[in-house]
Amino acid sequence: HTFVVLTNAVLAGTGSVGRLSIFGTVAPGLTTTTAVPALVGTLQATQTVFEAAGRFRVKMTNLSSTAGTGWDLLKVGGGAGEVVVNAAAGSPFVIEPVCGARFLDGFNPVVSGLWVVVDSAVLTGCDTTKVVVATNSFLPDLEGGTFQVVTNGGNIALAFLPDPVLTAWDGGDTASNMWSRGTNWAGDVAPVSASTTGLSFTTWNRLVNTNDIANPFDASYIRFSSLAGPFTLCGNQVRLFTGIYNSSTNSQVVELPLE
């Protein structure tokens with residue numbers, strides 16, 4: 001038997017169905033909106049067909065956990081089944097990561113990640129023009145990074161790729177607040193003055209810090225993420241080619257000269 005999720009209909013919950021054809025929305029677990037806390041889960045089907053304009057809402061509560069526990073999972077044929085993609089490039093099937101909070105355990109916008117959302121063995125007709133990502137319901141700050149659909153063996157996964165030009169302050173040096181100290185930045189590498197460099201401040205470490213690298217220091221932008229504490233930036237001039245942005249609820253003080 002085939003279980004058909006019609007356009008504008010929603011199939012939510014856990015358990016098992018037979019062959020699953022998705023024209024509408026599938027949302028494993030017990031909550032389908034971002035307005036209330038989500039209960040993630042695993043929905044099982046013997047075979048699954050992704051139809052044009054269908055949607056899979058993947059609720060995420062802890063990306064350090066496991067599929068079906070920290071984020072929703074569609075398990076096909078016990079992991080040995082087939083996913084058939086009937087969607088087309090002009091009307092793709094949509095995978096939608098959902099998080100209604102600004103902070104998500106296990107998610108860091110400066111670190112790449114990969115999370116399996118469809119556990120299957122065979123993918124037929126699947127490519128990234130027919131299965132796409134929509135992040136409208138994902139509230140954590142992406143910091144310029146992107147989610148992408150990737151195939152991982154016979155599975156479908158969501159991959160997060162950070163902004164390649166972003167350098168993130170982590171304030172990890174034990175003695176210095178200076179920008180020139182690589183240990184104050186993610187990856188222990190200080191940023192390079194360039195019109196393409198993005199500077200991100202995401203922590204509560206060494207909130208008062210000083211640009212001692214270049215005068216002026218060229219950067220595409222300065223961004224304070226939703227997780228940022230109340231920073232004070234001092235030191236040499238920064239020449240911005242895009243702008244300065246604050247996604248935090250905290251006020252930021254920029255004492256260094258801007259151009």
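For reference, positions follow the sequence shown, starting with 1.
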*asked:* Counting C-beta onward and ignoring hydrogens, is there a side-chain heavy-atom pair between Val122 and Val83 closer than 4.5 Å?
replied: no

*Keeping the roles fixed (side chain from Glu51, backbone from Val49), state whether a donor-acceptor pair exists under 3.5 Å.*
no

*Ignoring hydrogens and angles, tell me if any N or O in the side chain of Thr61 forms a donor-acceptor pair with the backbone of Gly70 under 3.5 Å.*
yes

*Please name the pair of heavy atoms, one in Pro230 and one in Leu207, separated by the smallest distance, quoted to 0.1 Å.*
O-CB, 3.7 Å

*Taking all non-hydrogen atoms of both residues, which atom of Leu43 and which atom of Gly13 are closest, and how far apart?*
CD1-O, 3.9 Å

*Do the non-hydrogen side-chain atoms of Val26 and Leu20 ever get within less than 4.5 Å of each other?*
yes

*asked:* Quick check: closest heavy atoms across Lys130 and Ala89, and the distance to 0.1 Å?
replied: CG-N, 4.1 Å

*When you look at Glu82 and Ser120, which way does the side-chain contact (heavy atoms from CB on, under 4.5 Å) test go after all the steps?*
CA-CA 6 Å; Glu82 179 186 22; Ser120 57; over 6 Å; no

*asked:* What's the separation between atom CG in Asn236 and atom CG in Asn215, rounded to the nearest 0.5 Å?
replied: 4.0 Å

*Is there a path of hydrophobic side-chain contacts, each under 4.5 Å between heavy atoms of I, L, V, M, F, W or Y residues, that connects Phe107 with Val149?*
yes

*Say whether, by atom type as modelled, one donor and one acceptor occur between the side chain of Ser248 and the main chain of Ala228 under 3.5 angstrom.*
yes

*asked:* With a 4.5 Å cut-off on side-chain heavy-atom distances among I, L, V, M, F, W and Y, is there a chain of contacts connecting Phe56 to Val17?
replied: yes

*Checking Asp72 side chain against Lys59 main chain: does a donor-acceptor pair fall under 3.5 Å?*
yes

*Passes side chain to side chain donor-acceptor pair (under 3.5 Å), Gln148 versus Thr128? Steps please.*
CA-CA 8 Å; Gln148 297 181 7; Thr128 55; over 6 Å; no

*Hey, quick one: are Phe3 and Val84 part of the same hydrophobic cluster, counting side-chain heavy atoms closer than 4.5 Å, chains of contacts allowed?*
no

_Could you walk me through whether Ser195 and Asp218 satisfy the side chain to side chain donor-acceptor pair (under 3.5 Å) test, starting with their C-alpha distance in whole Å, then the side-chain angles of each, then the deciding distance to 0.1 Å, before giving a yes or no?_
CA-CA 5 Å; Ser195 62; Asp218 288 347; over 6 Å; no

_Do Thr48 and Ile22 make a side-chain contact, defined as non-hydrogen atoms from C-beta onward lying under 4.5 Å apart?_
yes

*Under 3.5 Å, is there a donor-acceptor pair between the side chain of Asp212 and the main chain of Gly235?*
no

*Taking the side chain as every heavy atom from C-beta outward, state whether Val76 and Val118 have any atom pair closer than 4.5 Å.*
yes

_Candidate pair Val254 and Ile244, rule side-chain contact (heavy atoms from CB on, under 4.5 Å), full reasoning_ = CA-CA 10 Å; Val254 180; Ile244 185 167; 3.8 Å; yes

_Do Thr135 and Pro97 make a side-chain contact, defined as non-hydrogen atoms from C-beta onward lying under 4.5 Å apart?_
yes

*asked:* According to a hydrophobic-cluster definition based on side-chain heavy atoms being under 4.5 Å apart (Ile, Leu, Val, Met, Phe, Trp, Tyr only), do Phe231 and Tyr221 belong together?
replied: no

*Begin with the C-alpha distance, continue with both residues' side-chain angles, and end with the deciding distance and a verdict on side-chain contact (heavy atoms from CB on, under 4.5 Å) for Thr124 and Val85.*
CA-CA 6 Å; Thr124 301; Val85 179; over 6 Å; no

*Between CZ of Arg57 and CG of Leu11, what distance do you get to the nearest 0.5 Å?*
13.5 Å

_Rounded at 0.5 Å granularity, tell me how far CG in Leu240 sits from CG in Leu258._
5.5 Å

_Nearest heavy-atom neighbours spanning Thr197 and Leu199_ = CG2-CD2, 3.9 Å

*Under 6.0 Å between ring centres, would you say that holds for Phe138 and Phe147?*
yes

*Taking side chain as C-beta onward, heavy atoms only, is Leu233 less than 4.5 Å from Ile222?*
yes

*Of Phe201, Trp169, Tyr245, Trp204, which meets ring-ring contact (aromatic ring centres under 6.0 Å, His included) against Phe224?*
Phe201

*How many angstroms lie between atom CG of Asp163 and atom OG of Ser220, to the nearest 0.5 angstrom?*
8.0 Å

*Flag yes if Val58 and Leu63 sit in one hydrophobic cluster, no otherwise; membership is Ile, Leu, Val, Met, Phe, Trp, Tyr, and two members link when side-chain heavy atoms are under 4.5 Å apart.*
yes

*Interatomic distance, Glu259 atom CD to Phe217 atom CZ [nearest 0.5 angstrom]*: 14.0 Å

*First locate atom CZ of Arg223, then atom CD of Glu143, and finally report the distance between them rounded to the nearest 0.5 Å.*
5.5 Å

*Might you point out which heavy atoms bring Asn152 and Leu114 nearest each other, and give the distance in Å?*
ND2-CD2, 4.0 Å

*Keeping the roles fixed (side chain from Asn177, backbone from Thr210), state whether a donor-acceptor pair exists under 3.5 Å.*
no

*Under 3.5 Å, is there a donor-acceptor pair between the side chain of Trp115 and the main chain of Ala157?*
no

*Given Asn184 and Trp179, is the side-chain contact (heavy atoms from CB on, under 4.5 Å) satisfied, shown in steps?*
CA-CA 7 Å; Asn184 275 326; Trp179 286 17; over 6 Å; no

*Does a side-chain heavy-atom distance below 4.5 Å link Leu158 with Ile95?*
yes

*asked:* Under a 3.5 Å cutoff, is there a donor and acceptor pairing between the side chains of Asp173 and Thr183?
replied: yes

_Is there a side-chain contact between Ile156 and Leu123 in this structure, where contact means two heavy atoms from C-beta onward sitting under 4.5 Å apart?_
yes

*For Asn211 and Ile213, indicate whether the former's side chain and the latter's backbone hold a donor-acceptor pair under 3.5 Å.*
yes

*Between Ala45 and Gly18, what is the shortest heavy-atom contact and its length?*
CB-O, 3.4 Å

*When the ring centroid of Phe93 is compared with that of Phe23, is the distance short of 6.0 Å?*
no

